[in-house]
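Here is the structure we will look at, set down as structure tokens.
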Number of protein chains: 2
Amino acid sequence: MTCITQSSEEKIKEAAKSVFLKKGYAGTTARDIAEAASMNIALTNYYFRSKEKLFFEIFRDLFSYYCKNTLKIFEKPISIREKLIELIEEDFQMMKKEPSLVLFLMTEIHRDPERLLPELSRFKELLHVTLSNQIEEEIIKGRMRNISVEHLMPLIMGSLQFVFVGKNMNMKMYNASEDEFNTFAENHKNLIISMITEYLFIPETVN
Amino acid sequence: MTCITQSSEEKIKEAAKSVFLKKGYAGTTARDIAEAASMNIALTNYYFRSKEKLFFEIFRDLFSYYCKNTLKIFEKPISIREKLIELIEEDFQMMKKEPSLVLFLMTEIHRDPERLLPELSRFKELLHVTLSNQIEEEIIKGRMRNISVEHLMPLIMGSLQFVFVGKNMNMKMYNASEDEFNTFAENHKNLIISMITEYLFIPETVN
DNA sequence: ACATATTTTAAACATTTGTTTAAAATGTTT
DNA sequence: AAACATTTTAAACAAATGTTTAAAATATGT
């Protein structure tokens, strides 16, 4: 999203985002940000008042970016099966674009959950509204295994996202290039779609 | 492993380990460590020469702790099915004991894979020796789905470990206590065992 | 008991940290 | 062009950082 003309404020925020994603809050210095933005040190505080305020702003952006797609899919008027497949596909694309995102979010939340997630329960409720009832219906109809949303979500997200959380480790372990890793991740995604759907959904018995 | 009498060196290392696990390398100060160990600031450098050297030592310990159990299980003369189930059970116990471990390792490796994983390929080879052939046999015999170790491992580890990587987020989201989280994690583990085995292994056709 | 080596301490060290200042440069309005 | 507001700059700030020092305390060997 690099515009032709970008305000200094935007330039700093963009740069800060990329540095925070790479090094985390504690590992990032004000001078790192200034250098990445090619701007004077003082400007970060001029526009954002403090490193912490800038971080909060970026964290909030990234976290809602992370959630938004998921909710949008869940609100669609499609079947559970389609929702889950779309979720995995969307999630995969997101992580391909921003491979550090999930690890970043997890690390920072681990550091200070209270401060960073003051309104998380709203997300939980939206998940329930858009998914729980639909799942229950499927289960009652005998078309799906008995599983709760609380387990379903980490089951899906976990298997897929973990590959990206450990991206650098995997690349190191298999001497893989960026392209090779992406191919690997794509295959893994397809494997997960196959496993999840085959495990969750009970094939209709032909009488 | 708190002994009755613990040398200063051990006390510092123990304390440093717990602080590093919680706050990561960049988020930990020399004074944090000294305070956690109830020791003088200068002793860290007296025994370990630098914060970085102490960190490397602890990282190496934790990483081999993380790998050791896995390899030990894979070397056992048991079936693939048994190996995978034991792996999940062991892994679960490990994370119950040290919930921050995986996120810590992933974060630090992400930060600097070259420095921290100089000899990772050895682990990869051991994985192959102890597992690849056995899997191939099963696949040829038609008792197992066609899947490579490269995909199998993250598939298993991911779904299970992700719950602990996002522990604080999950606890916050569901207002869960430590005990409630552990119950949840245990149920999740069982779900994963069920899913993995049912998906991977092809039931013998009764003729 | 003495001499020696090891461990612990308080204090200081030079850098790096996030942040502020006050002046300079630039943009905007009339 | 003059007056004003906004943006950018170099320099400095206090506080925090990892590390070192040199003396004190303790342990060890003879």
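Below, read A as the first sequence line, B as the second, and so on, with proteins coming before strands; counting in each chain starts at 1.
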B/Phe20 CZ to D/dG18 C1', in whole Å, measures 12 Å

Q. Can you find a side chain N or O atom of B/Asn40 that sits less than 4.0 Å from OP1 or OP2 on C/dA10?
A. yes

Checklist entry - Hey, would you say the B/Phe164 and B/Phe181 ring centroids sit under 6.0 Å apart? => result yes

Applying the 3.5 Å cut-off to both distances, the Watson-Crick or G-U partner of D/dA22 turns out to be C/dT9

Among the nucleotides C/dT8, D/dT20, C/dT19, whichever has the atom closest to the side chain of B/Asn45 is D/dT20

For C/dT30, the nucleotide meeting Watson-Crick or G-U wobble distances (both under 3.5 Å) is D/dA1

Which is true for A/Tyr47 with a 4.0 Å heavy-atom rule: it touches a base, it touches only sugar-phosphate, or it touches nothing? sugar-phosphate

Problem set entry | Touch class at under 4.0 angstrom, heavy-atom based, for B/Thr44 against every strand present | nothing

| What class does the angle between the rings of A/Phe63 and A/Phe59 fall in, given that below 30° is parallel, 30 to 60° is tilted and above 60° is perpendicular? | parallel

By nearest-nucleotide position on DNA chain C, the 5'-leaning member of B/Ile41 and B/Glu9 is B/Glu9

In whole angstroms, the gap separating P of C/dT19 from CD1 of A/Ile12 amounts to 13 Å

To the nearest angstrom, the NZ-P distance between B/Lys11 and C/dT7 comes to 14 Å

Taking D/dT17, C/dT21, D/dT20 as options, the one with an atom nearest any side-chain atom of B/Ala42 is D/dT20

Separation of D/dT20 atom C1' from B/Lys51 atom NZ, nearest Å, is 17 Å

**Request:** Please determine if a side-chain N or O atom of B/Tyr46 lies less than 4.0 Å away from the OP1 or OP2 oxygen of C/dT8.
**Result:** no

Rounded to whole Å, the CZ-C1' distance (B/Phe55 to D/dG18) equals 16 Å

Closest of C/dT19, D/dT19, D/dT21 to the A/Arg31 side chain is C/dT19

Please tell me whether B/Phe20 and B/Phe55 form a close aromatic pair, meaning their ring centres lie under 6.0 Å apart.
yes

Sorted by position of nearest nucleotide on DNA chain C, 5' first, the leading residue of A/Arg49 and A/Asp32 is A/Asp32

Whole-Å distance, B/Glu52 CD to D/dT17 C1', equals 14 Å

Decide if atom CD of B/Glu198 counts as having more than 12 heavy atoms of other residues, nucleotides or ligands within a radius under 6.0 Å.
yes

Heavy atoms of A/Phe92 and A/Asn182 approach each other most closely as CZ-O, 4.3 Å

Rounded to whole Å, CG of B/Leu43 lies from C1' of D/dT20 at a distance of 13 Å

A/Leu54 CG to C/dT17 C1', in whole Å, measures 16 Å

